[in-house]
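What follows is one structure encoded as structure tokens, with my remarks underneath.
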Amino acid sequence: MRDKLFQSPQAAIHDLPEGATVMVGGFASAGVPEHLIRALVERGTAGLTVIVNSIAADRAVDALCRKRQVRKAVTSFAVRASAARRGLFEEQYRQGLVELELVPQGTLAERIRAGGAGIGAFYVPVAPGTVAAEGKETRVLNGRLHVLERPLRADFAFIRAHKADRAGNLVYRGAGRNFNAVMATAADVVVAEVDEVVEVGALDPEHVVTPGVYVDRLVVCRRGPVPWYQEEA
Amino acid sequence: MRDKLFQSPQAAIHDLPEGATVMVGGFASAGVPEHLIRALVERGTAGLTVIVNSIAADRAVDALCRKRQVRKAVTSFAVRASAARRGLFEEQYRQGLVELELVPQGTLAERIRAGGAGIGAFYVPVAPGTVAAEGKETRVLNGRLHVLERPLRADFAFIRAHKADRAGNLVYRGAGRNFNAVMATAADVVVAEVDEVVEVGALDPEHVVTPGVYVDRLVVCRRGPVPWYQEEA
Amino acid sequence: MVRPRGVSRELIAVRVARELRDGMAVNLGIGLPTLVANYVPADVAVWFQAENGLLGYGGVAEAGAFDPDLINASGQPVTLRPGACCLDSAQAFAMIRGGHLDVAVLGGLQVSERGDLANWLVPERGGGSIGGAMDLALGARRVIVAMEHTTKGGAPRLLRRCTYPLTAARCVDLVVTDLAVVAVTPRGFELREVAPGVTPEEVQAVTEARLHPAPDVREMEF
Amino acid sequence: MVRPRGVSRELIAVRVARELRDGMAVNLGIGLPTLVANYVPADVAVWFQAENGLLGYGGVAEAGAFDPDLINASGQPVTLRPGACCLDSAQAFAMIRGGHLDVAVLGGLQVSERGDLANWLVPERGGGSIGGAMDLALGARRVIVAMEHTTKGGAPRLLRRCTYPLTAARCVDLVVTDLAVVAVTPRGFELREVAPGVTPEEVQAVTEARLHPAPDVREMEF
């Protein structure tokens, strides 16, 4: 069996090219692939399009803006409610230095699922008449105005899971699945950082959330008590 | 907490009306809600539209045709490969007595998911130029011809699961999820027959496949060694 | 005109909690709505859904050992109740958009008399952040907005028409504020309850849209 | 003309199995293709997906205690290998349609020289049953058709154009029959291998479309 296990986050993303589109899982503190993000910050790869639920609340991802690695974000949260805590992305957005595609959170998740599931496009009743529908086709279906949405795919997906087996099967913890489980289906190279890797057969087939066929690379990164980005921020 | 547990399959479908649309889970021998189907056969409710993966291979569902309860089937298998084993549905279809909407299996699953997930319609690259796309809109997306597909919903869904807790959370066994897990999201009244009902809290939150909010009614029906429809057929 | 003194944010949450019934599936938006989880009567089993992937969480957890994977959509630590389950984001929003939530309790910036909701962008602050608000406003069977009746500067928030960019049109069913409980009806806003010590006239005075008094305007109960 | 005697169905399956590589995700269609799972070399770990919801099953199970929930898409009992997992139908077909399967091995009634596949409906029998064939033919990265080279009556199945209703157009990459291994290429069918004791001319004689011989037509190896 092909070995998917890499020795470090750096090694697991060694071939991530300039200008790549990168999906990053995580929601607030849950399921954030922070070691992979840090490795990408260290690597300094520029021209990135980042697809992430929140670039405003996730300071790990926001750190990619320190050296202007982000060209564009596709996200549901780009600006924090409080003006007192502006992120780097927000600063650069207000200066016109980065591009923003703002997407309702459910539509973001569904577009990623569509990218992984071979759906060419789909209609949702969400956001007609709002800024999130600007420039998009609309259509009345079943008596209700819908917006046509397109799938999202990426070159790389950064995933945080709880355990993996060596075949790449993943299980998560609590609210850790969030965008990780859909992003795992929608990128050419899926890299999962996990708390622990177990032997093939150690995960119950009934409990696997992400099948190993979706996962290309694994790296073990234990979580510390304090996320690194809080220390550094 | 509302009690979802019913004492018999008959009681669990006591208000299923004439002309109803009924989704029926199951795939060959796996996850077939056979006691609910039998109760519907006994009940004799007519004018039904049945949404089921295979009306050809599933003799439990085919038994609904004995007394002409089925008006229409939406299915991916309506006719067996061997002419030697014609089902009742096939007989009635060839006589023009029932209506057939033949759907590729993946599109059938996705249309049911769409019905449960509030997707107004979606494009798939499956079946353009084939009979399954007749009369449907097509569109080139990402350089590939796609077919526009509509969601499916039902008045009732019959589900077979392994265990339920009293809140309706479900877990399945092996290949038993099949159409059950999606159908559980797409009907007004979802009835699950299960091997066993356990107390709330006995199922691990990480292992639940169908959340209880989707499930309206539960009935415990142990499986016998030989399915009833084989005895009667 | 002096803005009457209304009830606390906690009492707004308590009043909203009284709208919830046994067995309901309910999503609580970011901010004030998250407080509602703490005020559900013990004999009422509500399935709180957090769109980040938990269904069946309880109140906000005690300070102490913080588990970063057990949080609500506001990032606050929560506990799981018996019968809880975990979802991914696509599953959570399939549940929301598919109409499987009985109630969404959302924060608000402005609500119009026809039920339009603006809650995602303060123009002066610029935008944006949408989060799950648009999905929740359109998907939930019943939308309750929990907010202060006016801005801090005293400007009305219950308007004839929203001036801020909309989250969703014609989605709000009920508004619970520090001053009143107001339903959205075919004829516009209906004033159903007023805060203790506050008169319907005082509420109207800080409301731009017309409030049609219900046949029996009562005092808010908690 | 006498139809040459080809190899057994089992040997067709053995030959197809040689196309599979370590780590591949593979779906086996109903009928002949299901045999392939039994002939994968022990040192090659293939993830067999059954669209009814199992990923990582092994060979067909021994007779005996039949578990109705452990079956492949043909309804045959199977065993789960270490590393297997369970899917629902929407998840299984998201994997198929989304291009996550390396190979689909499908049965065939007719294949055209541009790669069209007809395998779901025999017009004389009437129809229909589609099952998962259309999804698999379009979704898998590589489609291998495993079938007898001709009908029982001796009519060709490798045609210039399919006369039966199509499953999918331009989807087939390789055809393995009892007489030959034929690739679909931009110039049409390329004859790569012939069954032991069978000549390229004999294969062409029972093939309607033109077979372009590969530079090194070899004998099928098992």
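Sequence lines set the chain letters: A, B, ... in the order given, protein chains first and strands last, and positions in each chain run from 1. Because only heavy atoms are used, hydrogens play no part in the values below, and waters and symmetry mates are left out as well, while side chains stay in.
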Check whether [X] gets within reach of chain B through its side chain, its backbone, both or neither, counting any heavy atom under 4.5 Å.
X: D/L87; value: backbone
X: D/A169; value: neither
X: D/A94; value: neither
X: D/S74; value: neither
X: D/I96; value: neither

Over all atoms of both residues, closest heavy-atom pair of [X] and [Y]:
X: B/A127; Y: D/L138; answer: N-CD1, 3.5 Å
X: B/G174; Y: D/L54; answer: C-CD2, 3.7 Å
X: D/D135; Y: B/P104; answer: OD2-CB, 3.7 Å
X: B/A28; Y: D/G75; answer: CB-CA, 4.2 Å
X: D/D67; Y: B/R173; answer: OD2-NH2, 2.6 Å

Give, for atom [atom1] of [X] and atom [atom2] of [Y], the distance between the pair rounded to the nearest 0.5 Å.
X: D/S89; Y: B/F27; atom1: OG; atom2: CZ; answer: 7.0 Å
X: D/M134; Y: B/T107; atom1: CE; atom2: OG1; answer: 9.0 Å
X: D/W120; Y: B/T130; atom1: CH2; atom2: OG1; answer: 7.0 Å
X: D/D69; Y: B/R160; atom1: CG; atom2: CZ; answer: 8.5 Å
X: D/Q91; Y: B/N178; atom1: CD; atom2: CG; answer: 11.5 Å
X: B/S76; Y: D/I130; atom1: OG; atom2: CD1; answer: 7.5 Å

With a 6.0 Å cut-off (strictly less than), is the heavy-atom count around [atom1] of [X], excluding the residue itself, greater than 12?
X: D/R161; atom1: CZ; answer: no
X: B/N142; atom1: CG; answer: no
X: D/R5; atom1: CZ; answer: no

Inset, instruction - Would you check if the side chain of D/D88 reaches a backbone N or O of B/A181 as a donor-acceptor pair within less than 3.5 Å? - result: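 Not confirmed, D/D88 side chain does not pair with B/A181 backbone.
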Legend entry - D/S129 (side chain) donor-acceptor with B/V79 (main chain) under 3.5 angstrom: yes
Legend entry - When B/S54, B/G129, B/P128, B/A109 are compared by non-hydrogen pairs under 4.5 Å with chain D, the top option: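 Ranked by heavy-atom pairs under 4.5 Å with chain D, first place is B/A109.
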Legend entry - Partner chain B: residue of D/A90, D/A137, D/G53 with the largest heavy-atom pair count (under 4.5 Å): D/A90
Legend entry - Interface residue of largest heavy-atom contact number with chain B, from D/A84, D/G31, D/A133, D/A73, under 4.5 Å: D/A73
Inset, instruction - Could you check D/R97 against B/V124 for side chain to side chain contact (heavy atoms under 4.5 Å, CB included), going step by step and ending with a plain yes or no? - result: CA-CA 8 Å; D/R97 198 179 40 237; B/V124 283; 3.7 Å; yes
Inset, instruction - Determine, step by step, whether B/E110 and D/F93 satisfy the side chain to side chain contact (heavy atoms under 4.5 Å, CB included) criterion, reporting the C-alpha distance in whole Å, the side-chain angles of both residues, the deciding distance to 0.1 Å, and the verdict. - result: CA-CA 8 Å; B/E110 190 68 15; D/F93 281 97; over 6 Å; no
